[in-house]
Structures are given as C-alpha cells and as structure tokens.
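Below: one structure, written as structure tokens.
Chain naming here is simple, since letters A, B, ... match the order of the sequence lines and numbering starts at 1 in each.
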There are 2 protein chains.
Amino acid sequence: MATLSDVARRAGVSPATASRVINGSSKPVTDELRERVLAAVAELQYVPNAHAQLLARSHRSAVGVIVHDVSDPYFAEITRGLQRVATDQGRLLMICNSYRDPDRELEYVELLRGHQVAALILAGSGYHDEAFTRQLNEKLAAYEATGGRVAVIGRHEHSGDAVMPDNRTGGYLAGRELCELGHRAIGVVAGPRILTTTTDRLAGLRQALGEQGRDLPERRIRYAEFDRDGGAEATARLLDADPELTAIVALNDSMAIGALATLRARSLPVPQRVSVIGFDDMPIARDVTPPLTTVRLPLVDMGVRAMSLVLGAETLSPRVELLPAELIRRDTTGPAARSPRPAPRARRADTAS
Amino acid sequence: MATLSDVARRAGVSPATASRVINGSSKPVTDELRERVLAAVAELQYVPNAHAQLLARSHRSAVGVIVHDVSDPYFAEITRGLQRVATDQGRLLMICNSYRDPDRELEYVELLRGHQVAALILAGSGYHDEAFTRQLNEKLAAYEATGGRVAVIGRHEHSGDAVMPDNRTGGYLAGRELCELGHRAIGVVAGPRILTTTTDRLAGLRQALGEQGRDLPERRIRYAEFDRDGGAEATARLLDADPELTAIVALNDSMAIGALATLRARSLPVPQRVSVIGFDDMPIARDVTPPLTTVRLPLVDMGVRAMSLVLGAETLSPRVELLPAELIRRDTTGPAARSPRPAPRARRADTAS
DNA sequence: TCCCTGCGGGAAAGGGCTTTCACTGCGGTA
DNA sequence: TACCGCAGTGAAAGCCCTTTCCCGCAGGGA
C-alpha cells in the first residue's frame with residue numbers, strides 16, 4: 001500500500017504539504033504543489049490509512065451501535081433512523097449484532113470503545129439479569145467517564161439518556177381492544193421472559209384485563225423466541241392446551257406472523273374464529289393476509305431521537321424520551337366468535353344442541 | 001482513556017511487558033508481573049486502542065462487505081452466510097450499504113481499503129454502466145495489487161473470484177412453469193433496468209417463452225424499484241395497460257408481495273384469476289397469503305461460499321461458482337383462467353353467452 | 001534602508017501500540 | 001574456572017498520519 005511519504009516523495013514535497021493538500025487543510029498551498037500532490041495521489045491510487053488518521057487526530061467521530069439483529073425489521077427500522085441523523089452529520093456508524101447474547105453485548109461495548117467511537121447506542125430490550133446489568137453499567141460508566149456519550153433504546157438499565165417506546169401502554173391498548181371486542185379466552189404468544197420488553201408488554205396487557213376484573217393466568221402465556229418460528233410454535237402449544245381460545249396477542253409482529261401460519265395450518269379462520277393482534281407494526285404487517293392489527297411503535301423516530309440525544313449537547317440530567325404506542329386496527333381482529341361467558345358446562349350443552 | 005503506558009506504570013513494568021501480558025504473547029512473563037498487569041488493567045478499565053493496534057501490527061484481519069441494503073431480506077440472508085464463516089475464523093465484518101448508488105459503492109471501496117481490510121466482498125447486482133464498471137475494476141485491481149482479496153456475489157463485472165446465482169435459469173424456470181400452466185398473457189414486474197440482475201432474469205424468461213414460439217414484448221414489462229412499493233406500482237401500471245393478464249412474474253419476492261397487494265386491492269383472486277410468481281424465496285414468501293410460488297436462490301450458501309473464497313488460499317485462476325436456482329411451487333400459481341388462445345372476438349362471444 | 005508582517009513550506013513531535021534488539025543474571029557444559 | 005545459552009525484562013524503533021512550531025522570504029510601512 002502506498003503511504004503518504006510515497007506520495008510526498010513522488011510529488012517532491014514534504015509529507016506535511018501532501019497531508020495538507022489531501023485533507024483540504026486551511027493552510028494555503030500553492031496551486032503548483034497542490035497539483036503535483038494530486039497527480040501523485042492518482043498515480044499511486046493512494047488511500048490514507050484510516051487507522052493512522054484516527055490515531056493522529058484524536059478526533060472521535062464514529063458512533064457505535066449495538067442491536068440484537070439488524071436484519072430483524074424492528075431493528076432495521078430503528079437503524080434507519082439512526083443512520084439518517086448520523087449521515088446528516090457526516091458520522092460513520094459501526095453496527096454490531098448481539099443476537100440477544102448478553103456476553104456478546106459486553107464484548108461489543110469493549111470493542112467499540114477500543115475503536116474510539118464518540119458515542120454508543122444500545123438498542124433492544126434489556127435483560128432481567130442483575131449481574132449482567134451491573135457489569136454493563138460499569139462498562140458504560142467507565143466509557144462515559146472518558147467523555148463517551150451513551151444512549152439506550154428500549155431498555156431501562158442505563159441511568160443516562162434513553163429513548164423508551166411505551167411498551168406498557170402498547171400492551172394495554174392491545175388488551176383493551178380485545179376486551180372491547182368481547183374476547184375472554186385470550187392467549188399470549190410472548191418473547192423470552194428474560195427480556196424486559198416481554199414483561200413490560202405483558203404488564204400493560206395484564207392491566208387492561210385487570211380493569212375488566214380479569215387476570216392473565218400463566219397457562220395462557222407461552223414464551224418462545226421473538227421470531228416467526230417462535231410465534232408459530234408458541235401458538236401451537238397454546239392451542240393444544242386450550243382449544244377454546246378466541247384471541248391471541250403476539251408480543252411482536254414476527255411472532256404474529258408465525259401465529260397466523262399456525263392458525264392457517266389448523267384451518268382456524270382469522271378473525272372469525274380467532275383474532276390476532278401483533279406488536280411493532282413492521283412494514284410487512286400490511287401485507288400479510290388478513291392485514292395485521294397491531295400496536296405501532298415509531299421505530300424510525302426512536303432511532304432519530306436516540307442519535308440526536310447522543311450527538312447533541314450534553315446535559316446534566318439524563319433525558320428520557322417516552323414515545324407513544326398506537327393501536328392500528330386492521331383485519332385480524334373481530335368480535336369474539338361466541339361469548340364464553342357461560343360456564344364451561346353451559347358451552348358443552350351448546351355444542352350438544 | 002487509559003493507555004498502555006498508564007497500565008505499565010501502575011503495574012510497575014515496562015509497556016513492552018504489559019503488552020505481552022495483554023496479548024498473550026509467546027514470550028514468557030513471570031506470574032507475578034502478569035498478575036500485577038492484569039490487576040492494573042482491571043482497575044483502569046483499560047481497553048487497547050484498536051487503531052493503534054491495527055497500525056502497529058501490520059496484520060490485516062477485518063473483511064469489508066458492500067451490499068445494497070442489509071435490511072433487505074435478500075442481503076440479510078447473504079450476510080448471514082458471510083457472517084457465519086467470518087465469525088468462525090474470528091474475523092470482524094465491516095458492512096456498508098450502498099443503497100444501489102454506484103458512487104457510494106466506489107466510495108466504500110476506498111473507505112474499506114483505508115480501513116485496511118484483508119478482503120472485500122461486493123454483493124448485489126452490477127450495473128449496465130461502462131464508465132462505472134471500469135472505475136470500479138480499476139479500484140479493485142489497485143486493491144488486489146496490494147495483496148487484498150476480492151470476491152463478488154451476483155455481479156459479472158469483476159474478473160476475479162465470484163459467486164453467481166443462476167438468475168438466467170431462474171427466469172427460465174418461472175417462464176416455463178407459467179407456459180405449462182397455459183398462461184399466454186404474462187406480465188413482468190421488473191427491477192431497475194440498469195441492473196444486470198434484472199436483465200439476466202428477463203433473459204431467462206424470454207428464453208422460456210421463446211421455446212414456446214412466443215416473445216415478451218416491452219409493453220408487458222414494467223420497471224420499478226426492487227421493493228414492495230415498486231412491485232405494487234408496476235403491477236398497477238401493467239394491469240391498467242392490459243387487464244387481460246393472467247399471470248405476473250415479479251423479479252424478486254418483495255415486488256411479488258407488492259403485486260399481491262395490488263391484486264388484492266383490485267379484487268383479482270390469486271391464483272384463480274391471476275397467477276403470481278416471485279424470485280429469491282425470502283423467508284416471508286411462505287407467510288403471505290396465498291403462500292408465494294417463487295424461484296429459490298441459495299442465499300445463505302452464496303454468502304458462505306463468497307467468504308470462503310476470499311479467506312481461503314489464493315489461486316491463480318479466478319474461480320466462479322454458479323449456484324443453481326430452483327422453482328418452489330406454492331399457492332400463487334395455477335392454470336390460466338381461460339385460454340386466451342381464441343382471438344379476442346371469440347372471447348367476447350364467450351362473455352356474451 | 002530597515003524592520004515587521006504574513007505567507008508558504010518543512011522538520012519534527014507526537015498519537016498508542018507491537019516487536020525487535022540488547023541487556024542482565026542464572027544454570028549448565030567443557 | 002571460563003564460557004555459552006537462555007529465560008525474563010526493558011529500551012527504543014517503527015506503523016502512518018496530523019499538526020504545531022519554526023524558518024526563509026517577499027512585500028509594505030516607517
């Protein structure tokens with residue numbers, strides 16, 4: 001690889017001058033030298049060594065991002081928001097996938113710190129895991145102590161800046177909607193129980209049912225991976241245990257799509273026999289059949305705000321922005337098929353008639 | 001940020017010794033010193049400056065990847081394959097989105113070269129653009145001249161190692177299937193015509209029709225963005241121009257989903273009235289309704305192979321791996337509603353009866 | 001004419017790390 | 001006893017840039 005000295009030598013100037021030309025320094029350089037340098041750069045196909053540059057200027061510019069998985073639409077949307085602001089400010093993003101592995105998250109914090117990022121953004125649910133949370137906070141604190149900025153999206157652990165989708169209210173909206181449609185036998189297809197996102201959404205759901213004087217028994221909840229296959233499998237288990245279910249809440253849209261697949265496989269019409277409601281409103285939600293009723297989160301906006309927090313002026317007190325959830329009614333929800341209000345024996349009578 | 005010298009000072013050793021302990025060098029260090037160093041590292045929360053390290057060891061390790069858009073499932077799958085091999089070998093991946101902007105692709109080649117990546121992988125269709133192709137090849141050649149390895153996925157331009165999905169045969173399979181089902185009026189929802197992927201797939205389709213003694217007139221093709229909305233819009237234009245269409249080939253699955261949306265909006269039942277066939281077989285294809293008939297490409301495998309090529313031993317002659325396309329029959333295709341073989345007037349008689 | 005100013009350019013000092021090389025003791029061989 | 005070799009450590013030379021500092025020189029004011 002050609003180096004700056006190579007360029008300088010070829011152009012017959014000092015490395016200092018070559019550097020000034022290449023970086024458009026404010027120091028003036030005569031046109032003649034400038035051209036000689038530029039010519040040398042072109043001939044040698046010179047590209048500055050980024051590491052040497054970053055070492056020489058102690059200018060931290062890049063921003064580190066840790067998400068669970070960029071190819072998951074939830075994070076793809078958030079990342080789009082992050083990217084937008086970063087690009088506007090000429091910042092490079094380093095994106096890392098933790099695949100929901102806490103240890104990998106810890107490793108990536110170190111890695112990004114080592115890469116001298118100006119800021120760090122952690123997106124995605126936190127974990128119910130004391131030890132991990134403490135460790136993570138220590139690392140983040142150490143990073144912040146050296147002037148790094150940190151913001152989290154959708155997780156509580158961190159004591160600094162945060163962008164929080166209102167998961168609880170989202171869960172509440174889903175629950176209330178189903179209650180108003182007359183559903184009693186509601187099953188929940190949930191993500192891993194170790195994730196705070198799962199428990200937050202469940203809490204909202206519980207609250208909605210509670211207001212109707214009902215509870216959400218554990219047997220009506222199945223925990224699985226937060227993806228399509230997890231949703232399909234959890235729905236199957238739910239249905240096996242309780243075939244009378246008239247509604248299913250999936251704690252994210254991927255799982256909802258899995259639920260829809262299982263229902264289709266079992267020939268249970270949606271929404272006539274079973275209603276389904278998702279969470280997140282990812283783009284594909286409009287395109288499944290029937291189009292998915294879901295709780296919308298302003299994903300792109302979450303990314304925009306987190307990046308703005310982290311690149312904006314530092315404030316004394318940490319800022320927490322709570323972004324609202326919104327129910328999007330589409331076609332996977334409808335009135336409960338038949339009210340299971342009458343006690344089970346009554347229903348048996350029904351069936352007999 | 002604490003530096004290595006800080007650690008060394010605190011541990012009462014030289015930076016050299018500290019470095020040896022931290023990197024597990026082969027040079028032996030007494031246990032006592034080792035422990036002192038480790039303790040200092042922990043106390044100072046020391047993380048090595050990655051740029052300084054990369055500068056000091058001339059060891060190139062990271063691999064650069066340029067894709068059109070990681071959040072597009074097509075590239076998400078390929079990336080998964082790339083990632084798998086890279087992780088196995090302890091390599092870091094730097095992933096850049098070009099968003100199908102040739103200039104940005106050029107820039108990223110430079111950027112990644114500047115970051116001293118050991119290899120470069122370009123995934124995604126090439127462009128019908130002589131000037132760009134030449135420029136890109138120059139840059140890649142310059143990079144290879146300094147010991148860099150390059151592989152491309154799904155593009156012809158580059159003269160070196162390549163992994164090529166068999167787009168042409170894929171198009172052929174789609175065309176033949178539709179012919180065998182008796183379709184005559186076939187419309188094509190195509191990606192941007194500047195992309196070689198678009199023209200390759202079209203060429204295969206043409207060949208299949210050609211074998212039936214038919215051609216594919218331009219008026220039966222609509223070019224649009226390679227995404228859901230592009231597909232929806234192109235389908236609408238196609239249908240407006242030619243309401244008699246009995247089949248639509250979408251040149252990727254995202255566009256097919258858009259096509260399905262438009263057909264649903266117009267109450268044209270799939271596949272009874274119109275058959276639809278997609279391309280790529282991305283995961284969501286099974287979950288739309290009806291499940292999408294499509295041409296499968298081994299996306300993950302493409303990633304695996306490209307990364308293996310680039311990290312494996314260098315060979316004299318460039319290797320090109322052609323990966324097969326396969327037709328996956330699902331439920332969006334069926335026999336043509338009524339054979340348009342009889343001339344239009346005959347059909348009008350039909351309708352009258 | 002002399003001095004000061006300011007412009008254009010180069011020398012050199014880092015930036016944080018790895019690694020070679022040289023040095024000090026030590027046990028072991030002739 | 002004299003010497004060789006080696007384990008364990010530190011000094012210092014890079015890696016490739018950026019940027020400060022300084023120098024020479026030409027032009028303008030006194």
Notebook entry, point to check: Where the side chain of B:Ser125 meets the backbone of B:Thr196, is there a donor-acceptor pair that is under 3.5 Å apart?
Noted result: yes

Check: Which residues satisfy the side-chain hydrogen bond (donor to acceptor under 3.5 Å, both in side chains) test with B:Arg20, sequence neighbours excluded?
Finding: none

Item checked: Closest approach of B:Ala306 to B:Leu82 (non-hydrogen atoms, all atoms of both residues) -> CB-CD2, 4.2 Å

Check: What's the CG-P distance between A:Leu55 and C:dC17, to the nearest Å?
Finding: 9 Å

Note to self: Among D:dT18, C:dT18, D:dC16, which nucleotide has an atom closest to any side-chain atom of A:Leu4?
What the structure shows: D:dT18

Item checked: Atom pair CG (A:Asn49) and CG (A:Leu54), whose distance is rounded to the nearest 0.5 Å -> 9.5 Å

Check: In residues 106-115 of chain B, which ones come under 4.0 Å of DNA chain C, going by heavy atoms?
Finding: none

Under 3.5 Å, side-chain donor or acceptor atoms of residues 144-153 of chain B against the rest of the protein: list the pairs with distances, not counting sequence neighbours.
{"residue": "B:Thr146", "atom": "OG1", "partner": "B:Tyr143", "partner atom": "O", "Å": "2.8"}
{"residue": "B:Arg149", "atom": "NH1", "partner": "B:Gly312", "partner atom": "O", "Å": "2.9"}
{"residue": "B:Arg149", "atom": "NH2", "partner": "B:Leu309", "partner atom": "O", "Å": "3.2"}

Item checked: Value in whole Å for how far the C1' atom of D:dC16 lies from CG of B:Leu54 -> 13 Å

Item checked: Atom pair distance, as rounded to whole Å: CG in A:Asn23 and P in D:dC17 -> 10 Å

Next item on the list: Provide the full list of ring pair (Phe, Tyr, Trp, His ring centres under 6.0 Å) pairs with a residue in residues 88-130 of chain A, sequence neighbours left out, each pair given once.
Entry: A:His115-B:His51, A:Tyr127-A:Phe132

Next item on the list: Can you tell me which residue pairs pass the ring pair (Phe, Tyr, Trp, His ring centres under 6.0 Å) test with a partner in residues 28-47 of chain A, sequence neighbours excluded?
Entry: none

Margin query: Please confirm whether the shortest side-chain N or O distance from B:Gln53 to OP1 or OP2 of C:dT18 is below 4.0 Å.
Written below: yes

Item checked: Rounded distance in Å - CD1 (A:Ile22) to P (D:dT18) -> 7 Å

Item checked: Residues in side-chain hydrogen bond (donor to acceptor under 3.5 Å, both in side chains) contact with A:Glu77, at least two apart in sequence or another chain -> A:Arg80

Next item on the list: Take atom CZ of B:Arg57 and atom P of C:dT19, then tell me their distance rounded to the nearest Å.
Entry: 7 Å

Notebook entry, point to check: Among residues 38-51 of chain A, which contact DNA chain D at a heavy-atom distance under 4.0 Å?
Noted result: A:Tyr46, A:Pro48, A:Asn49

Next item on the list: Taking only heavy atoms on the protein side, list every residue of residues 138-150 of chain A lying under 4.0 Å from any atom of DNA chain C, sorted numerically.
Entry: none

Check: According to the salt bridge (charged side-chain N to carboxylate O under 4.0 Å, His left out) rule, which pairs have a member within residues 307-323 of chain B, sequence neighbours left out?
Finding: B:Asp161-B:Arg319, B:Arg305-B:Glu321

Note to self: Going by the rule side-chain hydrogen bond (donor to acceptor under 3.5 Å, both in side chains), which residues pair with B:Arg34 if we only count those two or more places apart in sequence or in a different chain?
What the structure shows: none

Might you list the N or O atoms of the protein lying below 3.5 Å from N or O atoms in nucleotides 5-14 of chain D, with each pair's distance?
{"residue": "D:dT9", "atom": "OP1", "partner": "B:Thr30", "partner atom": "OG1", "Å": "2.3"}
{"residue": "D:dT9", "atom": "OP2", "partner": "B:Thr30", "partner atom": "N", "Å": "2.8"}
{"residue": "D:dT9", "atom": "OP2", "partner": "B:Thr30", "partner atom": "OG1", "Å": "2.9"}
{"residue": "D:dT9", "atom": "O4", "partner": "B:Lys27", "partner atom": "NZ", "Å": "2.6"}
{"residue": "D:dG10", "atom": "OP2", "partner": "B:Ser14", "partner atom": "N", "Å": "3.1"}
{"residue": "D:dG10", "atom": "OP2", "partner": "B:Ser14", "partner atom": "OG", "Å": "3.1"}
{"residue": "D:dG10", "atom": "OP2", "partner": "B:Thr17", "partner atom": "OG1", "Å": "2.7"}
{"residue": "D:dG10", "atom": "N7", "partner": "B:Arg20", "partner atom": "NH2", "Å": "2.9"}
{"residue": "D:dG10", "atom": "O6", "partner": "B:Arg20", "partner atom": "NH2", "Å": "3.4"}

Notebook entry, point to check: Counting any heavy atom closer than 4.0 Å, what does A:Ser19 reach on the DNA or RNA strands: base, sugar-phosphate only, or nothing?
Noted result: base

Next item on the list: State which residues pass side-chain hydrogen bond (donor to acceptor under 3.5 Å, both in side chains) with B:Glu110; sequence neighbours excluded, sorted by chain then number.
Entry: B:Lys139

Margin query: Salt bridge check, B:Arg36 against B:Glu32: does any charged N sit closer than 4.0 Å to a carboxylate O?
Written below: yes

Next item on the list: Measure the shortest side-chain to side-chain distance between B:Val21 and B:Leu38 over non-hydrogen atoms and say whether it is less than 4.5 angstrom.
Entry: yes

